[in-house]
Amino acid sequence: MSDVRCQNVGLRMIKRIKGIWEFKYLIYNLVLRDLKVKYKGTTLGFLWSLLNPLLMLAVYTVVFKYLIGPRVENFTIFLFSALLPWTFLSSAVAMGAGSITDNGNLVKKVYFPREVLPLSVVLVNLFHFFLTFLVLIPALLFFHIQPGFAFLFLVVIIFFQTLFVLGITLIFAALNVYYRDIKHLLEVLLQLWFWVTPIIWPIAIFPEKYQDLLYLNPFTVFVTAYRDVILKNRIPGLLTIAGVMMLGILLFLLGGLIFHKKQRRFAEEI
Amino acid sequence: MNTTLNAIEIKNLSKKFKAYHHRESNLKYVFLNLLKGKRKKLSSEFWALKNIDLDIEKGQTVGFIGCNGSGKSTLLKLISRILYPDGGDIDAHGKISTLIELGSGFHPDLTGRENVYINASILGFSRAEVTKKFQAIVDFSGLEDFIDNPVKTYSSGMYVRLGFSVAINIDPDILLVDEVLAVGDENFQKKCIKKIMDFKKEGKTIIFVSHDLKTVEELCDQVVLLHNGKLVKQGKPVEVISEYHRLLIGASQLQVRKEDPRQGESAPKDRTTWKNRWGSKEVEITGVQFLDLQDNVMEFAKTGQPLRVRIAYDAHKEIENPVFGVAIYSDTGVHVTGPNTRKHNFPIASLKGQGYVEYEMESVPLLPGSYLFSAAIYDYQGLQAYDHWEQYWRFHVIESPEMSERLGLIAIPAKWRMGKSEGKKLRR
């Protein structure tokens with residue numbers, strides 16, 4: 001039977017996702033490869049994934065609490081509730097942007113859904129993000145925060161952040177095939193984005209009437225959601241949750257569409 | 001519509017490529033053009049394939065042939081979905097796999113075993129399939145002893161063998177093969193050919209792209225000839241391959257006429273700028289003609305029939321005891337023959353003024369194809385070149401009705417005989 005042409009974008013998207021699902025074993029293998037290669041030959045191996053955030057935690061606490069002086073209550077947790085999700089985003093996007101071009105020899109030689117490459121990068125970083133929770137949770141207890149019912153909302157927030165991160169990664173991975181400068185430009189853009197997002201500074205340093213403007217930066221929405229749960233141990237407001245969901249879905253669809261459109265000429269352009 | 005008999009249906013397929021003028025500074029030009037407020041073209045387009053219609057039956061082995069740039073590899077990539085068409089449709093019925101060596105996709109720090117699993121999943125294997133095929137893959141590669149070493153310790157030959165072993169143990173309905181049989185040593189190549197024959201026996205559809213016409217003829221049931229992005233002919237291997245030869249001849253004859261108005265002087269290149277010419281030029285070769293025995297200029301030579309090559313010279317002063325030599329090379333660069341007048345006991349006392357020397361073959365032993373021809377004049381010792389034109393002329397050999405040999409490079413005039421070994425054992 002010849003294929004029935006799907007005019008409907010939604011149907012086509014479902015078909016595409018099914019196609020990617022068929023390559024789930026490849027995704028699994030690529031994620032496993034990245035994790036294996038990362039720690040191959042190191043003595044501490046896997047422990048680095050825990051040590052890294054732990055050391056970071058120590059450095060930031062010392063610097064801000066004892067050297068610069070506290071401006072925010074419970075600064076370490078304040079910082080980490082936003083810095084860890086940020087690290088997930090920035091490292092996934094930075095690594096993922098080159099995921100198609102770095103695997104050019106495969107893309108040119110063999111067919112597989114190209115989405116698999118950025119997706120596996122995002123999943124690797126998601127895995128590292130999860131690992132940092134193994135450090136975060138003892139740290140919470142240390143700083144006298146009892147994870148409560150609100151923490152269940154982390155599942156929702158992380159899910160939609162993953163969609164958000166995936167969308168951005170797809171866009172940059174696709175654009176980088178056509179414009180190789182993107183990867184370098186991205187480093188600067190991510191730096192800039194880090195400083196304009198209330199990660200290391202509190203929203204409260206802005207006058208109240210301008211604070212709403214900060215929410216034009218989509219990552220501020222995620223930061224607020226994470227802080228509500230982790231720092232304040234409370235369920236995020238309806239507006240925040242809705243924002244997180246909308247941004248996740250929006251970027252996922254946008255990234256998926258742009259990638260799908262651009263990927264037609266990947267094999268020629270690499 | 002009965003589509004169950006076709007493995008692949010291609011309708012009105014077209015593909016264009018972009019050639020960039022400023023590939024390295026793409027983004028810069030985009031910005032500059034934005035600033036200038038105009039859209040200057042960054043690239044030009046050309047059609048690699050145009051309006052291809054082709055049905056491939058299930059269970060057939062089909063070869064794609066054509067010159068470089070004819071579009072055959074592009075067509076294969078479109079079928080395998082690596083490239084997307086710009087027009088038309090491809091419908092494939094069954095699981096497609098490309099037989100391709102992916103050793104370059106290996107990660108050097110991981111072991112052979114780990115890389116086999118990753119590589120197989122890139123080719124679309126499920127987890128269960130890899131586990132089932134793993135032993136066969138390792139056996140095929142012959143790398144059992146090294147499979148748990150990191151592949152960075154492998155030689156490049158081992159890389160290729162392992163990469164190819166993964167690819168060849170796939171189990172598709174439609175197998176695409178693109179020039180990969182030049183992989184590994186001779187033994188390994190034989191193993192690969194055998195494996196492809198096995199696929200054929202199992203009734204799989206195989207599409208085969210190659211320059212090696214002999215393998216194409218041996219393996220394929222059908223051959224498709226592409227030229228300049230168009231499908232020229234489809235049919236039985238023998239017919240399509242001779243059409244391809246005719247096409248090659250036609251193409252280069254057109255070239256001869258365009259560049260050299262003197263008919264019959266088979267000079268495909270510009271005489272004055274030809275780089276592979278050397279010598280002191282006291283005597284010069286002024287031309288070479290390919291003639292039949294009645295001195296008619298031949299458009300092409302025929303296997304098994306006579307050919308006379310006339311080498312015209314112009315000696316500016318008297319030259320004593322010169323030696324004329326010629327050489328024939330196959331299209332692939334094999335030196336087929338290199339006779340000269342001294343070796344053939346044809347002494348030439350002296351040359352003065354203009355004249356010619358002829359090299360006559362009673363029967364051309366060359367099989368159909370395209371050949372390069374060199375001609376030279378040396379002193380008697382062969383130390384000083386007066387004029388040497390290396391591989392300057394090209395001529396074509398086509399098949400003649402009485403000669404149907406086609407494997408190898410030459411046809412040796414020989415006979416077959418048989419008899420009975422009465423009581424005596426044949427020694428092996």
Side-chain angles (χ1 to χ4, degrees), chain A residues 1-5 16 19-42 101-114 116-117 120 175-186 260-270, chain B residues 1 3-4 9 11 15-18 20 23-28 30-31 48 74 77-86 89-93 96-105 107-111 114-115 117-130 150 167 176 178:
Chain A
M1 296 300 280
S2 67
D3 272 10
V4 180
R5 293 230 145 218
R16 191 80 195 151
I20 295 166
W21 182 245
E22 275 172 32
F23 278 78
K24 56 187 180 295
Y25 184 50
L26 172 59
I27 299 169
Y28 165 81
N29 268 327
L30 288 176
V31 172
L32 203 67
R33 178 183 79 176
D34 269 25
L35 295 176
K36 269 186 190 166
V37 168
K38 190 165 179 183
Y39 299 114
K40 203 111 188 172
T42 58
T101 42
D102 294 347
N103 289 294
N105 53 349
L106 291 182
V107 174
K108 273 193 285 192
K109 275 181 166 180
V110 60
Y111 171 80
F112 53 88
R114 277 68 171 99
V116 162
L117 294 170
S120 67
L175 288 181
N176 191 51
V177 175
Y178 294 84
Y179 311 108
R180 298 302 164 90
D181 306 61
I182 290 283
K183 218 183 150 185
H184 303 284
L185 187 67
L186 197 59
H260 190 65
K261 199 158 168 275
K262 289 284 174 193
Q263 59 113 19
R264 295 171 72 92
R265 289 194 179 269
F266 278 177
E268 298 155 46
E269 297 286 343
I270 284 174
Chain B
M1 193 168 60
T3 55
T4 49
E9 288 164 8
K11 281 184 212 80
K15 174 74 193 168
K16 68 180 171 205
F17 282 126
K18 282 180 186 171
Y20 286 97
R23 187 66 184 95
E24 69 294 333
S25 47
N26 212 340
L27 197 60
K28 186 173 99 189
V30 170
F31 277 127
T74 304
K77 281 185 176 153
L78 283 162
I79 295 172
S80 68
R81 293 189 290 173
I82 295 169
L83 297 177
Y84 280 74
D86 289 298
D89 282 308
I90 302 178
D91 280 333
H93 309 280
I96 303 178
S97 279
T98 309
L99 183 50
I100 204 151
E101 182 272 307
L102 281 179
S104 51
H107 198 290
D109 287 332
L110 299 178
T111 65
E114 289 166 325
N115 272 307
Y117 275 85
I118 295 170
N119 224 318
S121 60
I122 292 171
L123 294 169
F125 281 66
S126 74
R127 194 192 180 101
E129 278 171 320
V130 193
L176 310 179
D178 189 2

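Chain A is the first sequence line, chain B the second, and so forth, proteins listed ahead of strands; every chain is numbered from 1. Note that the coordinates shown come from a computational prediction; the quantities given were computed from them, not determined experimentally.
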Inset, instruction - Look at A:Arg33 together with B:Asp109 and state whether they make a salt bridge at an N to O cut-off of under 4.0 Å. - result: no

Any chance you could measure [X], atom [atom1], to [Y], atom [atom2], to the nearest 0.5 Å?
X	Y	atom1	atom2	value
A:Leu106	B:Ile118	CG	CD1	10.5 Å
B:Ser126	A:Glu22	OG	CD	11.0 Å
B:Leu83	A:Arg264	CG	CZ	11.0 Å
A:Arg114	B:Ile82	CZ	CD1	6.5 Å

Measure [X] against the heavy atoms of chain B and call it side chain, backbone, both or neither at under 4.5 Å.
X	answer
A:Phe266	neither
A:Val116	neither
A:Lys108	backbone

Can you see which heavy atom on [X] is nearest to which on [Y], and at what distance?
X	Y	result
A:Tyr25	B:Phe125	CD2-O, 3.6 Å
A:Glu268	B:Phe17	CG-CE2, 3.4 Å
B:Arg127	A:Tyr28	NH1-CE2, 3.6 Å

Inset, instruction - Please state whether the side chain, the backbone, both or neither of B:Pro108 comes within less than 4.5 Å of a heavy atom of chain A. - result: neither

